[in-house]
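Taking it in order: structure first as structure tokens, then the write-up.
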Amino acid sequence: MKNTVRFVAAVAVVCGMSLWAQDDIDGETTDVETAEESSGDGEEADVGIEIGGQIHHSKSEPKFFYTLPKAEKLEGSADVLKPGARDWEAAVEGRFYPLGSVFRTIGASTRFTVALGRDCTVSIVGEASFGTRGQGLGIKSRAILLKGGVVTVDLPRNLPEGLFFVDAPGFTVVNPAGKSTYRYAKTGDGDKATIRCVTGSLSIEGLHFKILSMRAANEVSIQTSQDALFTGIYGTRGDYICKLDQGTVKIRDVETGESHTEQKFLEWKVSPQTAVRIQRAVPEIGENMAVTIMTFDAAGNLKNRCAFAENRFEVNSGELAPNDKNSQSELEKKAAEATAETTAVETEATDAAPEDDGGDSSGGSSDDDLEF
């Protein structure tokens, strides 16, 4: 009987606390929610459960994020746009906001930090903004959406894969761990983002490309057109590998005679001043895009070129021979050498020809009169 009464009382307390936390979403939330929903440091939480009058301890999964983002620290003026709201409202330091909210700073001197967990923060400085992904409370991962300005993300170095993402129209940063910064701006036709890995590591995925791993001090600039038919990848700091899609190819097994199709990729080393340009075209019939991928070295010379149609091995040019400045110069040099040799032979033949005494000496030819 005592155990039954104790169980009913515990259920009543839990239900009351849940309703209290839900009511405080639009206002200030107590520290109870923070303590219960996140261990912050990624350590496993020790949970005690009473069974038959005895406390049994078990280890729960580590929690890196709060249930809701919190306005951690504000210096200056910042606004919040809650999901479904039409008007911005002033951000209040220490308040929790719903997932799906957009945060922005006003004024060059403003600094605003939003905590997604005890050791997981997103900071914006000056005129900048970002949004949090709207999602259910049961989803463990978190994501932010770049809106403008400089955004700094600081995460634990031991953050497991698949828990955090940074989204933009042309790419997604996956598995960031440590500190990273993002400079994002809308252009006249699309957007431009500069991603820098300050500490730790991160990867970037986009349509027809994937940057496998960026380390400390690595930086890349990605430009995307508004219709997403062009992507430019430009190396700015450090060296890292970019895996580029080269379409579908048909492979024939010599031993069995059977054939199968598989995806082909090119691993291009991105370094300062090198570039990757991806051009896409939407067909009038069907959904398979026509894609051209080109890589350029630091001098601007074309190094790789491939054209293909998505999911069609029949339409794939394979690697095309580059037509860069060096090869053109080499051809011009060889042509000049061949012309010089021809000139020398013709000159020798003219000098060796017998003179015509009956002819007009003024009509003779000299080296200066030869035209080539």
Side-chain angles (χ1 to χ4, degrees), residues 21-22 24-26 29 31 33-45 60-74 78 80-85 91 93-105 112-125 128-182 184 193 195-206 214:
Q22 182 66 28
D24 286 339
I25 287 178
D26 295 332
T29 305
D31 293 336
E33 182 187 40
T34 303
E36 290 182 345
E37 297 298 339
S38 174
S39 61
D41 56 3
E43 296 181 355
E44 293 183 350
S60 64
E61 294 183 2
K63 295 180 180 179
F64 291 89
F65 304 113
Y66 300 148
T67 301
L68 304 174
K70 177 184 178 183
E72 183 75 14
K73 186 176 181 181
L74 175 59
V80 179
L81 181 64
K82 296 179 181 179
E93 190 174 285
R95 178 172 293 180
F96 287 81
Y97 291 94
L99 291 168
S101 298
V102 179
F103 303 89
R104 72 178 182 185
T105 49
F112 186 27
T113 299
V114 177
L116 304 179
R118 197 175 73 182
D119 297 320
C120 304
T121 60
V122 181
S123 303
I124 47 180
V125 180
S129 62
F130 73 95
T132 55
R133 182 181 64 188
Q135 61 187 51
L137 298 179
I139 299 177
K140 297 179 181 180
S141 64
R142 295 290 185 271
I144 65 169
L145 294 80
L146 300 178
K147 298 292 184 179
V150 179
V151 181
T152 301
V153 177
D154 201 347
L155 304 168
R157 294 286 294 271
N158 64 336
L159 185 69
E161 295 183 356
L163 285 187
F164 194 83
F165 306 90
V166 179
D167 288 331
F171 63 88
T172 298
V173 176
V174 298
N175 302 326
K179 187 176 182 180
S180 54
T181 60
Y182 307 85
Y184 183 79
I195 302 102
R196 184 177 184 184
C197 180
V198 181
T199 62
S201 63
L202 60 86
S203 299
I204 304 174
E205 295 181 358
M214 294 177 63

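- Here the CG atom belonging to Leu145 is positioned 5.0 Å from the CG atom belonging to Asp167, to the nearest 0.5 angstrom.
- Nearest approach of Pro69 to Pro98, heavy atoms of both residues: CG-O, 4.1 Å.
- Put simply, NZ on Lys179 and CZ on Arg157 are 12.5 Å apart, with the number rounded to the nearest 0.5 Å.
- The line from OG of Ser203 to CE of Met214 is 9.5 Å long, rounded to the nearest 0.5 Å.
- For the residue pair Tyr66 and Ala115, the shortest heavy atom distance occurs at CD1-O, 3.8 Å.
- With Thr132 contributing its side chain and Leu99 its backbone, the two residues share no donor-acceptor pair below 3.5 Å.
- A distance of 10.5 Å separates OH in Tyr184 from CD1 in Ile195, rounded to the nearest 0.5 Å.
- From Lys147, atom NZ reaches atom CD1 of Ile124 across 12.5 Å, with rounding to the nearest 0.5 Å.
- In this structure the side chain of Lys140 never reaches within 4.5 angstrom of the side chain of Phe65, judged on heavy atoms.
- Among residues at least two apart or in separate chains, ring pair (Phe, Tyr, Trp, His ring centres under 6.0 Å) pairs with a member in residues 130-167 are Phe103-Phe130.
- Arg133 pairs by the side-chain hydrogen bond (donor to acceptor under 3.5 Å, both in side chains) definition with Gln135, Ser141, not counting sequence neighbours.
- Between the side chain of Thr199 and the backbone N or O of Gly178, no donor-acceptor pair lies under 3.5 Å.
- Considering every non-hydrogen atom in both Leu202 and Cys197, the closest pair reads CD2-CB, 3.9 Å.
- Between the Asn175 side chain and the Gly162 main chain, a donor and an acceptor come within less than 3.5 Å of each other.
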Inset, instruction - For Thr105 and Leu74, run side-chain contact (heavy atoms from CB on, under 4.5 Å): C-alpha distance rounded to whole Å, both residues' side-chain angles, the deciding distance at 0.1 Å, then the answer. - result: CA-CA 9 Å; Thr105 49; Leu74 175 59; 5.6 Å; no
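- No side-chain heavy atom of Val150 sits under 4.5 Å from any side-chain heavy atom of Val125.
- Considering Leu155, Asp119, Leu116, Leu163 in turn, Leu163 is the only one that fulfils the side chain to side chain contact (heavy atoms under 4.5 Å, CB included) rule with Phe64.
- Here the OH-CG distance, from Tyr182 to Leu146, works out to 7.5 Å after rounding to the nearest 0.5 Å.
- Side-chain atoms of Glu72 do not come within 3.5 Å of backbone N or O of Thr113 as any donor-acceptor pair.
- Under a 3.5 Å cut-off, the side chain of Arg142 and the backbone N or O of Ile139 do form a donor-acceptor pair.
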